[in-house]
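Numbers for residues simply follow the sequence, beginning at 1. As the structure is a computational prediction, the values presented were derived from the model and not from experiment. Remember, it's 1-based here, ligands and their atoms both numbered in the order they're listed.
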Amino acid sequence: MFSSTARALVLALLALEASAAQKGTPTVSFNSTAGSTYLPNKDYSNEQLAMLWYQVGPVSTHPVVTATVEPTAEPSSYAGPGEFHPLVASNYGEQLAEAKLPADFAWGLSSSAYQLEGAARDEGRGPSIWDLLSHRNPNQVADNSTGDVLAQHYYLYKQDFARLKSFGAPYYSPSISWPRIFPFGKGPVNEAGLKHYDDVIAELVKNGIQPALSLFHWDTPLALFNQYGGWTNPQIIDDYLNYAKFIITRYDKYVPIWFSINEPQYCNWQYSYYPAGKLYPDYGVGPGMEARFLCGHHTLLAHAKLSKWYHNEFKGRGRITFKNSGNYFQPMTNSTADLAAAQRSYDFVLGWFGGVWSDGDYPQSLKDTLGDLLPKFTEKEKEIVKGSCDFFAIDAYTAFYVGELSGGVEACAGNKTHPSFPECVNQTAIGPDGFGIGPAADLGASWLKNTPVGVRKFLSHITKVLFPAVKDIQVTEFGFAEPFESDYTNVQDATWDLRRSDYIQGFLDNILLAITEDKVNVTGAYVWSIFDNFEWGSGIKTRFGLQYLNYDTLERTPKASWFQTRNWFK
Ligand code: PNW
C-alpha cells in the first residue's frame, strides 16, 4: 500500500521520466490550417475526381501495403565494399588535408514526390500532369514506366528515414505533392494526404533530420491543365499561392529551408511537349516557344509573391528561394565571340530568372531576341521579383563548352525558325582539341558528363561575375546516372557504382575547394538522389540513386556511392 506522499513521489518521478523521454523524441504539433482560404467556385466531388483519373487511365498498384508501414529494425551497419577494392581516392589529398567544411553546412540527399512516392491513386490524391503524360502521351517515357508504384515511398517512408538517420546527414530535401493536398489543385483539402505529410514531417523531426522542402517539383495538378492550361495561364499564380501558403503555415516550425519551385527552367523542356488540344483542352498557347516563356513568367511571379508574403506578412522563421537548373559554360576560346556566346548561354538559363539579384527584370538579350514572345513585368512586379531569394540555389550537374554559332548569332537571333533559336550559341561536350569534356553518364542522361572542376568554376562565376549580390549559395542537386546500371542482373554488380562514386568524390572535393581556396560562401550541398527513381522522360532504367531499388521487391540496397558520400562527410 502506498502512502499518499509515496504516491505523489512516484507520480513526480513518472512525470520526470516522461519529460526526459520527450527530450529524446521531440513532440511534434502543427499549426492549424483548417480548410482552404480559397473559396471553391465549383462542386468538387468524388465523381469529378474519378473523371480525372479516367482521363489518366488504369493505375497500377503494388500488393506490399495498403496502410503506412512501421519501420522494420534497421541493421546497425549495412553491407559495404570489402577488402578487395577500395572506394575512389581524392585527387586533392594534399590540398584538402587541412580543409574543413563550415560547422553548420547543410548537406543531405534529395528527391521529389512524383519520382518516388508511388501510391498514385491512393488516399484521395488527384492526378498531376505527369500521371497523364506517363500514361497517355505516346513515346513520353523511354521505358513506358509510370509513377504509379515506384518505391512506394508513400508507405515505406519510415524505413527510408531510419536509413537516412543511419546515413547521418543533417538534412533531407524532398518535395510535397500538390495534388495530394489539393486533388483539384484548389478547393477542398484532402485530409488523408495532409495527415500523411504531417507524419512525414514528424518522422523526420524524430530522426533528427531537417527538411529542406520543395513545394513544387513539376507535378502540377491535372485539373488546372484541364481548366486553363497550367502554367501558361496567370490563374496558376493564385492557385499556387493558395497551396503554398497552406503548406508553409502548417509546417514552417519544422522547415528551415523552403524551395518555392524546383527549377523554373523546366519550362524550357516540359512546355515543348505538353499535349495541349490532344489530352487536355487547348487554350490557345500550344506547346512551344510562347508557352515556354509564359510558364517561366508565371512561375517567377508565383515564387516572388510567395517569398514576399513569407517574410512580410507571415513572418516565417526560415529561408526561401527557388532551385535553379544550370550548368557551367566554358568558352571554347578567349575570342570575343566565344565569350559573348557563354554570356548569352547564361542569360537564357540563369539570367532568365536572375532579375531577383538585380533590377527584377529580364536580361536585355532575352528582350531583344524574343520580342513579343517574352512577357513584360510591370514596375510593381519588378519590385516584387527583386530580392525575392534568400540565397542562390543551383542544381549543378555538369559543364559544357560553348562557342559562337556558325553563321553568327545575328542570323539566328533574327530568325524564329532557326533551329538554335533563341539561344543561338553552340553548346557542346566536345573540347577544342576534340576530346570529350568528361566521362559520360547512362545513355538515358546523354546531357550529363562527369565534370567536377566545372562545379568549382561555376560557383565562383555565379557569385562573383553573374550575380555579385548573392551572399551565399547552395548546390541543391548534383548526381550521376551510372552507365548501364539497369543491365546488371544482380544487385551486387549494380551496387559497385564507381563512376558515380568518382563523380561524387570529385564534386564534393571541388565544392570544398570553392570554399577554402576561392572563398565562395557555399552553405550546402545535396546529392540526387536517396534511391533510384522515375527519371521523367528517361523512365526508371536511368538510375540516379545512392541506393539500388529493386522495382519488384521494393528492396533498397546501399551502393558504393552511399559509402563514398558518407565517408566524405565523416
Ligand atoms: C533535375 N540538364 O533535372 C531534376 O530536379 C530532377 O527531378 C532530376 O531527376 C534530376 O535533375 C536528374 O536529371 C535536371 O539538362 C534535368 O542540365 C536536366 C538538366 C539538369 C537537371
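- Taking every heavy atom of N327 and a limit of under 4.0 angstrom, the matching atoms of ligand 1 come to 17 (O).
- At under 3.5 Å, a nitrogen or oxygen of Y397, whether backbone or side chain, sits near a nitrogen or oxygen of ligand 1.
- Seen from the ring of Y548, R543 counts as a face-on cation partner, given the 6.0 Å and 45° thresholds.
- Distances from atom 3 (O) of ligand 1 to the heavy atoms of E535, E263, Q265 put E263 nearest.
- Within the listing of ligand 1, atoms 20 (C), 21 (C) sit less than 4.0 angstrom from a heavy atom of S325.
- At least one donor-acceptor pair under 3.5 Å links the side chain of S529 to the backbone N or O of S110.
- Using a 4.0 Å cut-off to heavy atoms of F544, the atoms of ligand 1 that qualify are 12 (C), 13 (O).
- Between H153 and Y157, the ring-plane angle classifies as perpendicular under the 30° and 60° cut-offs.
- Within the structure, every pair that satisfies the side-chain hydrogen bond (donor to acceptor under 3.5 Å, both in side chains) test and touches residues 421-436, not counting sequence neighbours, is listed here: R292-E423, S345-Q427.
- For ligand 1, the polar-atom distance check against W218 finds no nitrogen or oxygen pair separated by under 3.5 Å.
- For atom 18 (C) of ligand 1, the choice among F478, W447, F534 with the nearest heavy atom turns out to be W447.
- Y346 places a side-chain N or O within 3.5 Å of a backbone atom of F329 that can act as its donor or acceptor partner.
- Using modelled atom types, no side-chain atom of H298 and backbone atom of I237 make a donor-acceptor pair closer than 3.5 Å.
- Taking any N or O of E477, backbone or side chain, at least one lies under 3.5 Å from an N or O belonging to ligand 1.
- Within the structure, ligand 1 has H217 among the residues with a heavy atom less than 4.0 angstrom away.
- Between the side chain of T495 and the backbone N or O of V491 there is at least one donor-acceptor pair closer than 3.5 Å.
- With distances taken over non-hydrogen atoms, the option nearest atom 16 (C) of ligand 1 out of W536, F480, W269, F400 is W269.
- Here the side chains of W218 and S175 are not in contact, with every heavy-atom distance at 4.5 Å or above.
- Residue T398 does not touch ligand 1, judged by heavy-atom distances below 4.0 Å.
- Using a 4.0 Å heavy-atom cutoff, S112 is absent from the residues neighbouring ligand 1.
- Every atom of ligand 1 with a heavy atom of N262 under 4.0 Å away is listed here by number and element: 5 (O).
- Within 6.0 Å of CG in D487 there are more than 12 heavy atoms belonging to other residues, nucleotides or ligands.
- Distances between N or O atoms of N533 and those of ligand 1 include no value under 3.5 Å.
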